[in-house]
Amino acid sequence: MGNLRFTEWQRLPISLTELCINTTLRCGQSFRWRKSGDDEWSCALHGRILSLRQDAEFLHYRAIFPSKPNHLLPSPPPSATPSAAESPSPEDDDTPALIEHYFNLRPNLGQLYEEWAAADTNFKEKAPKFTGVRILKQDAWEALVGFICSSNNNIARISQMVEKLCTNYGPLIGHLGKTPYHDFPPASALTDAKVEQQLRQLGFGYRAKYLYQTALMVSDKGEAWLDGLRNPESPVLGAEPCSGGQFTDGGREGYRTAHEELLALQGVGPKVADCVCLMGLGWGEAVPVDTHVWQIAQRDYKFGKGKHSSLTKATYDAVANKFRGLWGKEAGWAHSVLFTADLKTFSERLVAKVGVKEETIEVKVEQEDVGIISKTEEKVASKKVKREAEDEHQAVEAQGRTTKRTRRSRAR
DNA sequence: AGATACCCTGATGT
DNA sequence: AACATCAGGGTAT
């Protein structure tokens with residue numbers, strides 16, 4: 001360490017309705033982003049540490065590269081490795097291209113929200129407090145592993161498990177302060193026969209076997225196999241998009257093929273397969289139906305009776321088809337907005353707290369954060385107001401909304 | 001189709 | 001304080 005190449009902070013113009021990182025990075029589609037400071041998020045990505053901040057007009061970013069090619073990185077042919085010792089000029093830094101790719105910035109999210117709202121009154125009602133939720137283009141292998149870990153699990157522990165996977169099997173990219181940042185390990189790093197037991201040791205439980213066996217299969221099929229299941233409209237970084245086929249309520253043929261192929265992997269059922277299709281392979285019509293979505297379908301879309309009284313495979317398909325019929329080709333994106341709106345982490349945005357009658361009730365209720373509250377209460381159980389300053393990122397978020405909403409947040 | 005076990009962790013209840 | 005119970009982005013049998 002110490003041999004690091006810093007780039008200066010740069011910025012990309014983008015509105016909070018097109019991308020809100022505070023929501024998108026916390027809604028359970030990616031498990032590796034960490035807060036690296038007040039209002040700052042960081043993650044090891046494509047051989048660098050990428051740090052982000054966001055205000056109402058710009059996404060600010062900075063990349064930190066190892067100064068020398070890391071010998072721990074999966075080694076490409078030496079000719080393909082750019083001379084990393086050169087000091088980077090902002091012009092040939094590929095970080096903006098990486099950001100556009102990773103955050104999937106091409107689709108016009110504001111317009112999509114309008115279309116979904118026009119087609120669905122429930123979406124229209126729920127979405128305004130959850131703008132800027134964008135489906136990421138994550139690495140397919142990483143998505144596969146993350147969502148295998150997600151079964152019968154919670155987001156906090158999934159993140160913890162992914163973290164352990166990276167620190168134990170992934171290449172070290174560098175440090176931010178004292179915190180090490182490892183990139184995600186390739187499948188080939190998990191094929192040793194000892195891996196299953198090691199993962200159990202690390203607290204993966206029954207998922208240890210799933211991960212080991214899936215790593216074997218993916219590794220055996222070749223590293224190109226997974227990306228071969230991609231939506232051709234959403235190719236890997238640097239490739240040219242082409243048509244993805246004819247859309248129906250059941251999804252495009254390529255999507256159905258990808259879904260079916262993924263089901264052959266250990267620990268991958270319909271829900272995990274859809275998560276990988278949506279967030280790792282670029283199939284916008286994939287609609288993962290988990291317990292949250294099932295509850296939403298029952299509460300707001302009249303499922304849960306008669307033939308579809310329980311979440312069988314047939315019900316699963318019926319729910320997903322219903323949403324594809326309602327929201328169209330990017331149904332998975334719309335689904336993610338409603339899923340996010342249902343997460344306990346964000347529940348404070350929905351209901352104004354029945355504030356205890358004190359001078360503390362003037363706190364803007366829509367800017368609370370459950371996670372931060374619980375942390376705060378560990379330390380000072382009585383002072384419930386202190387959190388306001390800790391949560392500026394949500395203030396930024398609110399700032400981007402209409403003044404109408406800012407007013408209303410004081411209403412109780 | 002429906003029922004059960006599966007690993008573990010933090011939160012909540014006695 | 002110690003211990004029981006349970007839910008948490010499902011899947012395999």
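Order of the sequence lines fixes the chain letters, A, B, ..., with proteins taken first and strands second; residue numbering starts at 1 for each chain.
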From the options B:dT9, B:dG2, C:dT11, select the nucleotide whose nearest atom is closest to the side chain of A:Tyr210.
-> C:dT11

With heavy atoms under 4.0 Å as the rule, sort A:Gln213 into base, sugar-phosphate or nothing.
-> nothing

Would you indicate which nucleotide in B:dG10, C:dG10, C:dG9 comes nearest to any side-chain atom of A:Ile155?
-> C:dG9

Any donor-acceptor N/O pair, A:Ser159 side chain to A:Ile155 backbone, under 3.5 Å | yes

Go through the N and O atoms of the side chain of A:Arg157 and the base of B:dC7, and report whether any donor-acceptor pair is under 3.5 Å.
-> yes

Answer yes or no: does a side-chain N or O of A:Thr312 lie under 4.0 Å from OP1 or OP2 of B:dG2?
-> no

In whole Å, what is the span from the CG atom of A:Asn153 to the P atom of C:dG10?
-> 9 Å

Using the P atom in both, what is the distance from C:dC6 to B:dT4, to the nearest Å?
-> 15 Å

How are the rings of A:Phe103 and A:Trp33 set relative to one another: parallel (under 30°), tilted (30 to 60°) or perpendicular (over 60°)?
-> tilted

Scan A:Leu265 against the nucleic acid and name what it touches under 4.0 Å (heavy atoms): base, sugar-phosphate only, or nothing.
-> sugar-phosphate

Parallel, tilted or perpendicular: which fits the ring planes of A:Trp116 and A:Tyr113, with parallel below 30° and perpendicular above 60°?
-> tilted

Near-parallel close stack of A:Phe339 and C:dG9 base (under 5.5 Å, under 30°) = yes

Between A:Ser150 and A:Lys271 the two heavy atoms that sit nearest each other are OG-NZ, 3.7 Å

Taking the same atom, P, in C:dT5 and in B:dA5, what whole-Å distance lies between them?
-> 15 Å

NA contact type, A:Arg207, heavy-atom cut-off 4.0 Å: base, sugar-phosphate, or nothing?
-> base

Is A:Ser310 near enough to B:dG2 that one of its side-chain N or O atoms lies under 4.0 angstrom from OP1 or OP2?
-> yes

Geometric class of the A:His308/A:Phe303 ring pair [parallel <30°, tilted 30-60°, perpendicular >60°] = tilted

Any N or O donor-acceptor pair linking the side chain of A:Tyr206 to the base of C:dG10 at under 3.5 Å?
-> yes

Say you pick atom P in C:dG9 and the same atom in B:dT12; how far apart are they, in whole Å?
-> 14 Å

For A:Cys149, which contact category applies under a 4.0 Å heavy-atom criterion: base, sugar-phosphate, or nothing?
-> nothing

